[in-house]
Amino acid sequence: MEEHFSGQPKKGRSPADSIEKDQQSTPQSQPDFADYQFPEQNTPLFKPFWLRMLDIIALLILISMGTWFVLRCKRRWSIYILLFTGLIYLGFFRHGCICPIGAVCNISLALTHPDKVILGISTVLFFFIPLIFAFGFGRVFCGAVCPLGAVQEFMSFRAILLPRSLDRFLRIFKYIFLILAILSATLYMEFLVCRFDPFITLFRCSGSRNMWIFTVICLLISIFIARPYCRFFCPYGVLLGIFSKISFRNRQIETDLCTKCDLCRQSCPMNCIKPPHIDTFSCISCGKCLHICPQNAIK
Amino acid sequence: MKQFDRRKFLKLSARCLGATVLFGGAGLLIFRSRKDCLYQINPESCVACDKCETACILHPSAVKCVNDFSTCGYCHYCYAYFIDGLSENPENLVCPTGALKRKQVGEFQFEHTIEERLCTGCGKCVKRCSDFGNSSLRLEIRRNLCKECNRCAIEKACPSKAVQQIQIPT
């Protein structure tokens, strides 16, 4: 059964209650000449319910497989396949929206102004599912699903290791951005996160000149610094990090097996390993250290 | 020994607090959430300014003009088509891109359709039709073009709060 939405141009009827089943059933002022057929009104249909829920299902499948790959199966290509799938589906197919990072603004707006915005169930689930997995297993969303992380990961050809003090200084911007994002959403109803999303122009294939310049700059930086947005700017990363720090299963190095060869520290894209200690706040469970450790000391 | 227990206790209490915040928050918001809603333009509140064309994050905009044929007067002299007089001179046409097309279907009846590819959502024809005509032309967010942003930029820019959220029918 086809369902059309069409706003009525007459007074007294709102779009919400005018869902016409058939455009040609009762025309109000039909031209009074014979054998005229109304042209076909082309109204694009809403996506069906199951297709909307497909986003949630895709997220659940990708994040569960990411968890399983990092806990059990230790093959090099497995996480990359998941990242690629996340990039294609959540990034290019769904045009990068809805994303959990933007959902930070949605949720803070919904908590403070419940009358101004209707919160959809997809947004709530997209916000909480990665957090719940982070609470259980660490930041598997970042390592295996996030389309923005995927773009940065696939662009990091010549990643250099930053000095630790510079790294620590730049990380402060994450917290500042989170506070600004929450404040701007609650006070001005402005979604700062979505406005400064570095790769949304790629996903939508459209954007203003300034946004394209921003995207190109971020792509160039990603070649030389691994995961710059994830490390220094992602506000959702702060929330994920908090829950990752108190998580039940997280990546750790077995101290008696560690020979301090430093291979893990050099391979970590988030620069969070100081052998034999892994900073679980920043660890994105990408599995690079697992694969490279010659002693298999990382679990 | 005592220090070790203290750290374990702190971690346990942090986990309890985290679990409460996480699942409590999730439960509360799921309870308060509704079915997914999408943005659409309410034709009564719309004042046919040109913000739809410029504010949308997509270029060209996802907003297109749509004609409601059951209300359209099929007028010979369509006010939304001609500015002044019946001349087909492009300077005399309301639509700046020529998207509004006119076809004779009767002796004095003309069918007006919009070629979506050319329409930019500027709203000039909509304004003329609502000022002088039957208000059959309206601006509409096209579902096949709209990217369904978290926060609609057109909604923010609309001066008359015409962009509203509607529940998706199932």
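None of these values were measured; they are calculated from a predicted model. Side-chain atoms are counted along with the backbone in the values below, which use heavy atoms only and exclude waters and symmetry mates. Every chain is numbered from 1 and lettered A, B, ... according to where its sequence line falls, protein lines coming before strand lines.
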| note | If you tally heavy-atom pairs under 4.5 Å between each of A/L131, A/I200, A/I132, A/I98 and chain B, the highest tally belongs to A/I132
| said: Heavy-atom cut-off 4.5 Å, strictly under: side chain, backbone, both or neither for A/L125 against chain B? | reply: side chain
| said: Given heavy-atom pairs under 4.5 angstrom as the criterion, report whether the side chain, backbone, both or neither of B/L12 touches chain A. | reply: neither
| Is it the backbone or the side chain of A/C205 that comes under 4.5 Å from a heavy atom of chain B, or both, or neither? | neither
| query | Of the backbone (N, CA, C, O) and the side chain (C-beta and beyond), which part of A/M189 lies under 4.5 Å from a heavy atom of chain B, both, or neither? | reply | both
| Is the distance between the ring centroids of A/F133 and A/F243 under 6.0 Å? | no
| remark: Okay, A/A185 and chain B: the region with an atom under 4.5 Å from a heavy atom over there is neither
| chain A contact via B/K147 - side chain, backbone, both or neither, heavy atoms under 4.5 Å | both
| field | chain B interface, residue from A/L111, A/V124, A/I121 that has the most non-hydrogen pairs under 4.5 Å | value | A/I121
| field | Ring centroid separation B/Y79 to B/Y81 under 6.0 Å | value | no
| request: Could you tell me which portion of A/I107 (side chain, backbone, both or neither) has an atom closer than 4.5 angstrom to a non-hydrogen atom of chain B? | output: side chain
| Where does the angle between the aromatic ring planes of A/Y236 and A/F141 fall among parallel (under 30°), tilted (30 to 60°) and perpendicular (over 60°)? | perpendicular
| said: Taking side chain as everything from C-beta outward and backbone as N, CA, C, O, which of these in A/F248 sits under 4.5 Å from a heavy atom of chain B? Side chain, backbone, both or neither. | reply: both
| task | Could you please spell out the steps behind the side chain to side chain contact (heavy atoms under 4.5 Å, CB included) verdict for A/M211 and B/I57? | result | CA-CA 10 Å; A/M211 286 194 79; B/I57 50 100; over 6 Å; no
| field | Geometric class of the A/F233/A/F177 ring pair [parallel <30°, tilted 30-60°, perpendicular >60°] | value | perpendicular
| field | Contacting moiety of A/Y188, where chain B heavy atoms sit under 4.5 Å | value | backbone
| message | Classify the ring geometry of B/H76 against B/F108: parallel below 30°, tilted from 30° to 60°, perpendicular beyond 60°. | response | tilted
| Contact origin within B/A19 toward chain A - heavy atom pairs under 4.5 Å | both
| Centroid-centroid distance, A/F92 to A/F203, less than 6.0 Å | yes
